[in-house]
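All heavy atoms count here, side chains included; hydrogens, waters and symmetry mates do not.
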Amino acid sequence: MDIEQSINHVRDAIRELPKIYGDNLDQIKQLEQERMDLMHYMELVDLNARDGFKAYKQMQEVLRKRRVLKDQNEELKHVVPVLKSMNSKLKDLDMAVGGVRKSKEGLKVRMYRCRRRNDLEMVINGSHNKGR
């Protein structure tokens with residue numbers, strides 16, 4: 001298990017998922033406005049078959065994009081309030097990542113100091129560092 005990577009995933013979720021939810025809401029609003037424009041276009045303009053079909057395909061594309069965003073937000077709505085409440089912990093998570101990195105570096109160069117058998121210290125530390 002990569003602890004640093006796990007902390008980063010949690011931190012990224014706290015930062016990014018509420019942002020994605022909000023961005024989706026903005027995009028949904030824009031797509032709804034575009035949908036309304038297309039509906040008024042079809043309502044108020046006498047369209048021939050080619051232009052009518054073209055408007056239909058544009059409407060279909062807008063509706064499909066909107067549906068993808070709404071479906072994603074349907075899932076996100078359950079976790080976003082929890083993640084927003086954790087936003088105050090981002091600084092602590094950043095510090096935790098720094099601590100994990102520092103520990104990793106320390107573990108790479110750690111040495112064992114023999115208490116009695118000083119003749120083994122070079123052997124232990126020499127072979128210990130070669131395996132890393």
Side-chain angles (χ1 to χ4, degrees):
M1 169 190 241
D2 186 342
I3 294 170
E4 181 181 353
Q5 187 178 21
S6 295
I7 296 170
N8 283 329
H9 285 307
V10 170
R11 187 180 58 180
D12 292 346
I14 293 170
R15 281 189 180 134
E16 297 302 319
L17 292 180
K19 184 182 180 315
I20 290 169
Y21 183 82
D23 290 348
N24 285 356
L25 289 176
D26 292 342
Q27 289 179 45
I28 289 167
K29 185 176 180 179
Q30 291 173 5
L31 290 167
E32 287 174 349
Q33 291 171 347
E34 188 175 348
R35 179 178 61 97
M36 191 61 66
D37 290 346
L38 285 166
M39 287 173 59
H40 282 104
Y41 170 66
M42 289 185 276
E43 176 188 358
L44 300 172
V45 176
D46 263 343
L47 300 171
N48 60 33
R50 182 179 59 88
D51 291 338
F53 184 73
K54 190 174 167 182
Y56 158 77
K57 291 306 280 182
Q58 290 172 355
M59 176 70 82
Q60 186 180 47
E61 183 180 336
V62 166
L63 292 173
R64 286 182 175 167
K65 286 179 184 177
R66 180 177 166 270
R67 174 57 43 212
V68 167
L69 295 170
K70 287 184 70 118
D71 288 351
Q72 188 176 51
N73 271 12
E74 177 63 27
E75 294 176 30
L76 286 171
K77 76 179 183 181
H78 302 286
V79 72
V80 165
V82 176
L83 294 175
K84 282 184 176 181
S85 72
M86 299 171 104
N87 206 30
S88 63
K89 297 295 182 188
L90 284 172
K91 186 176 181 179
D92 294 335
L93 286 171
D94 288 337
M95 289 174 48
V97 169
V100 168
R101 287 181 185 152
K102 187 175 178 180
S103 291
K104 279 182 175 179
E105 290 303 312
L107 292 172
K108 287 180 184 176
V109 296
R110 75 174 165 194
M111 301 275 244
Y112 177 73
R113 303 220 186 275
C114 290
R115 288 155 183 82
R116 286 292 199 194
R117 295 288 308 266
N118 293 337
D119 60 315
L120 299 176
E121 192 167 314
M122 288 298 286
V123 175
I124 291 171
N125 289 328
S127 67
H128 181 70
N129 287 334
K130 288 179 188 173
R132 289 195 174 228

Mind checking the CZ-CD1 spacing from Arg117 to Ile124? Nearest 0.5 Å is all I need.
-> 9.0 Å

Give the C-alpha distance, both sets of side-chain angles, the deciding distance and a yes or no for side-chain contact (heavy atoms from CB on, under 4.5 Å) between Glu121 and Asn125.
-> CA-CA 6 Å; Glu121 192 167 314; Asn125 289 328; 3.4 Å; yes

Residue of the set Arg15, Arg101, Lys89 for which salt bridge (Lys or Arg N to Asp or Glu O under 4.0 Å) holds with Asp94 | Arg15

Report yes or no: do Leu76 and Val82 belong to one cluster of Ile/Leu/Val/Met/Phe/Trp/Tyr joined by side chain heavy-atom distances under 4.5 Å?
-> yes

NZ/NE/NH1/NH2 to OD/OE distance under 4.0 Å, Lys65 and Glu61 = yes

Could you give the distance from CD (Glu32) to CG (Leu63), rounded to the nearest 0.5 Å?
-> 10.0 Å

Heavy-atom side-chain contact between Asp51 and Asn48 under 4.5 Å = yes

Student check: side-chain heavy atoms of Glu75 and His78 closer than 4.5 Å = no

Taking the side chain as C-beta and beyond, is there a heavy-atom pair between Arg66 and Lys70 under 4.5 Å?
-> yes

Are Leu47 and Tyr41 close enough that some pair of their side-chain heavy atoms sits under 4.5 Å apart?
-> yes

Got a second to check how far Ile28's CD1 is from Arg67's CZ, nearest 0.5 Å?
-> 8.5 Å

Point-to-point distance, once rounded to the nearest 0.5 Å, from CZ of Arg35 to NE2 of His40 = 10.5 Å

Examine Val80 and Leu90 and state if one hydrophobic cluster contains both, with Ile, Leu, Val, Met, Phe, Trp and Tyr joined whenever side-chain heavy atoms are less than 4.5 Å apart.
-> yes

Determine, using the 4.5 Å side-chain heavy-atom cutoff (strictly less than), whether Val45 and Met59 are members of one ILVMFWY cluster.
-> yes

Specify the closest pair of heavy atoms between Leu83 and Ala13, including all atoms of both residues, with the distance to one decimal.
-> CD1-O, 3.5 Å

dist Leu25:CG -> Ile20:CD1 (nearest 0.5 Å) comes out at 12.0 Å

Lys108 bridged to Glu105 by N-O distance under 4.0 Å = yes

Below 4.5 Å, heavy atoms only, C-beta onward: do Ile3 and Ile7 meet side chain to side chain?
-> yes

Check ion pair Asp92-Arg11 (N to O, under 4.0 angstrom) = no

Nearest heavy atoms of Val62 and Leu31, plus distance in Å = CG1-O, 3.4 Å

Is Lys104 salt-bridged to Asp2, going by a charged N under 4.0 Å from an acidic O?
-> yes

same_hphob_cluster(Tyr56, Met39) at 4.5 Å side-chain heavy-atom cutoff = no

What is the distance from atom CE of Met86 to atom CD1 of Ile14, rounded to the nearest 0.5 Å?
-> 4.5 Å

